[in-house]
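What follows is a single structure, written as structure tokens, with notes after it.
Keep in mind that what you see is a predicted model, and the values were worked out from it rather than measured. Note that the numbering runs from 1 along the sequence shown for the chain. Hydrogens, waters and symmetry mates are skipped; everything else that's a heavy atom, side chains included, is used.
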Amino acid sequence: MNLTQINRLWDEYKRKYDIELKTEISSVSYDTEEYVEGCFNLLELMDEQYILHLNPRMHVYSENYCKFILFHEFTHFYDYIKRPYEDKESLILWMNAYSEYHACRVTLARFIEMCTLNTVHLDKIQIPGPYKEISIRHLLMESVFRCKYCFDAFFVDYQLQDYANGLRQLMYLLGYLSLFDNDVLMVEQTLKFLNIYNENFCKLYHALKEMEFDDVIHYYKAITEEATLLYLKHAFRRYYSPELLSDDEIEEITLDNYRDYIERLDRKMREMGLVPEEENLEEESTEEIAAFIAHLCTGR
């Protein structure tokens with residue numbers, strides 16, 4: 001599928017939703033990672049490079065599934081162009097939370113031509129898959145599995161990349177679930193199954209559904225900060241023994257003061273001759289958090 005064909009489908013998308021936009025996708029690149037079907041790089045979009053990145057497998061997928069992927073990405077493109085925020089931090093959070101939710105909701109509704117589902121439709125309605133049609137139940141089960149795999153991995157090794165992947169998969173899942181008439185109960189049960197049920201996630205879903213964008217950013221940011229702090233606390237325990245840093249002291253660590261803790265503890269360890277100067281938690285944490293943010297920007 002070449003750029004001309006993709007922009008024709010973009011025109012079809014705009015006609016479907018009565019969208020008046022002259023902006024077109026400027027380039028297509030078949031270079032995504034193995035398990036990423038398609039994405040826009042937010043940093044490229046912000047630099048006015050409207051490049052659609054697709055999986056090379058698009059060439060062997062069914063036509064309807066290619067459309068399914070493209071309509072998802074077109075929603076991201078539309079959301080970016082119509083974005084309600086210009087500052088980088090708000091835009092990153094909004095695109096990763098609302099736009100992922102929105103893209104899945106719009107795409108599924110487009111292909112089933114319905115805006116309300118119930119449990120009867122789980123096996124009755126078929127939607128495009130890579131090589132053959134699949135049921136909505138299959139779609140939801142696969143999405144839940146991916147969420148659980150990522151979040152479970154995070155709570156074992158506390159790597160922020162796993163959490164970022166889990167959040168992205170969760171936004172997809174919330175978009176699909178939002179079409180069900182008993183969506184609130186389904187979301188609650190899903191969050192409990194994933195072991196991430198708390199007030200922030202529940203309020204985030206409400207904000208997504210009601211398009212309360214400031215609240216979307218507030219709760220998504222709170223969720224990512226919770227994960228970052230959890231990563232840091234476990235990293236502190238890996239680096240510093242209980243003799244140097246007690247469990248009670250770890251509980252006092254925040255995103256604002258953790259660098260002060262690192263400086264003090266590293267100085268104490270060097271004085272005791274316990275660690276070479278080049279081994280530093282600050283370097284590791286800075287790289288890990290930077291990778292976390294980069295992952296959110298690239299959509300991969």
Side-chain angles (χ1 to χ4, degrees), residues 33-36 43 88-90 92-93 96-97 144-171 173 190-204 217-300:
E33 296 173 6
E34 183 177 0
Y35 297 108
V36 179
L43 298 180
K88 184 177 179 179
E89 181 184 22
S90 296
I92 289 172
L93 295 170
N96 278 278
V144 169
F145 172 79
R146 288 176 177 171
C147 285
K148 186 162 180 56
Y149 178 86
C150 294
F151 285 125
D152 283 355
F154 174 74
F155 289 114
V156 170
D157 295 323
Y158 296 97
Q159 300 298 313
L160 286 174
Q161 177 96 359
D162 292 325
Y163 201 86
N165 288 331
L167 269 184
R168 190 177 303 281
Q169 294 297 327
L170 181 63
M171 295 306 105
L173 182 55
T190 299
L191 294 175
K192 288 179 178 177
F193 175 74
L194 297 173
N195 295 316
I196 56 171
Y197 180 77
N198 63 37
E199 184 179 23
N200 281 338
F201 276 107
C202 293
K203 288 187 174 181
L204 173 61
I217 289 175
H218 172 79
Y219 291 114
Y220 193 85
K221 182 178 181 180
I223 287 167
T224 58
E225 287 181 345
E226 280 181 2
T228 303
L229 186 56
L230 193 56
Y231 151 73
L232 283 170
K233 288 181 177 181
H234 281 81
F236 268 94
R237 176 47 70 228
R238 281 191 291 107
Y239 264 78
Y240 307 112
S241 68
E243 290 76 21
L244 285 168
L245 183 68
S246 69
D247 290 343
D248 288 340
E249 287 178 301
I250 285 181
E251 289 307 308
E252 298 300 319
I253 293 172
T254 68
L255 294 179
D256 294 323
N257 68 18
Y258 79 92
R259 293 180 186 275
D260 295 334
Y261 272 79
I262 292 172
E263 182 179 352
R264 176 172 60 83
L265 290 164
D266 279 359
R267 183 169 61 249
K268 185 175 181 180
M269 290 187 75
R270 286 194 295 270
E271 290 171 355
M272 298 170 64
L274 295 177
V275 63
E277 288 192 21
E278 61 268 23
E279 292 188 20
N280 192 298
L281 176 58
E282 182 169 6
E283 182 177 339
E284 176 193 318
S285 60
T286 298
E287 290 177 355
E288 181 79 6
I289 294 170
F292 183 32
I293 295 171
H295 184 91
L296 296 177
C297 291
T298 59
R300 297 188 183 194

[X] side chain to [Y] backbone, donor-acceptor under 3.5 Å:
{"X": "Asn165", "Y": "Gln161", "answer": "yes"}
{"X": "Thr224", "Y": "Lys221", "answer": "yes"}
{"X": "Asn96", "Y": "Leu167", "answer": "no"}

* Report, as yes or no, whether the 6.0 Å neighbourhood of atom CZ on Phe145 holds more than 12 heavy atoms from other residues, nucleotides or ligands. =>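 It does not: Phe145 CZ has 12 such atoms or fewer within range.
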Looking only at heavy atoms, what is the nearest atom pair of [X] and [Y], with distance?
{"X": "Leu265", "Y": "Leu244", "answer": "CD2-O, 3.6 Å"}
{"X": "Phe292", "Y": "Leu160", "answer": "CD1-O, 3.7 Å"}
{"X": "Tyr219", "Y": "Asn200", "answer": "CD2-OD1, 3.5 Å"}

* Check whether any side-chain heavy atom of Cys147 sits under 4.5 Å from a side-chain heavy atom of Ile196, and report yes or no. =>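 No. Closest side-chain heavy atoms not under 4.5 Å.
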* Asked: Taking the six-membered ring of Tyr261, is the NZ or CZ of Arg264 close enough (under 6.0 Å from the centre) and on axis enough (within 45°)?
  ->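 Arg264 over Tyr261 ring: yes.
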* Are Tyr239 and Glu284 linked by a side-chain donor-acceptor pair shorter than 3.5 Å? ->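 Yes, because at least one side-chain N or O of Tyr239 sits under 3.5 Å from a partner of the opposite role on Glu284.
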* **side chain to side chain donor-acceptor pair (under 3.5 Å) against Glu263, all qualifying residues, sequence neighbours excluded** =>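 With sequence neighbours excluded, Glu263 shows a side chain to side chain donor-acceptor pair (under 3.5 Å) to no residue whatsoever.
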* To do: Kindly write out the residues that satisfy side chain to side chain donor-acceptor pair (under 3.5 Å) with His234, not counting sequence neighbours, or none if the list is empty.
  =>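 Testing His234 for side chain to side chain donor-acceptor pair (under 3.5 Å), a comparison that skips the adjacent residues, returns Tyr158.
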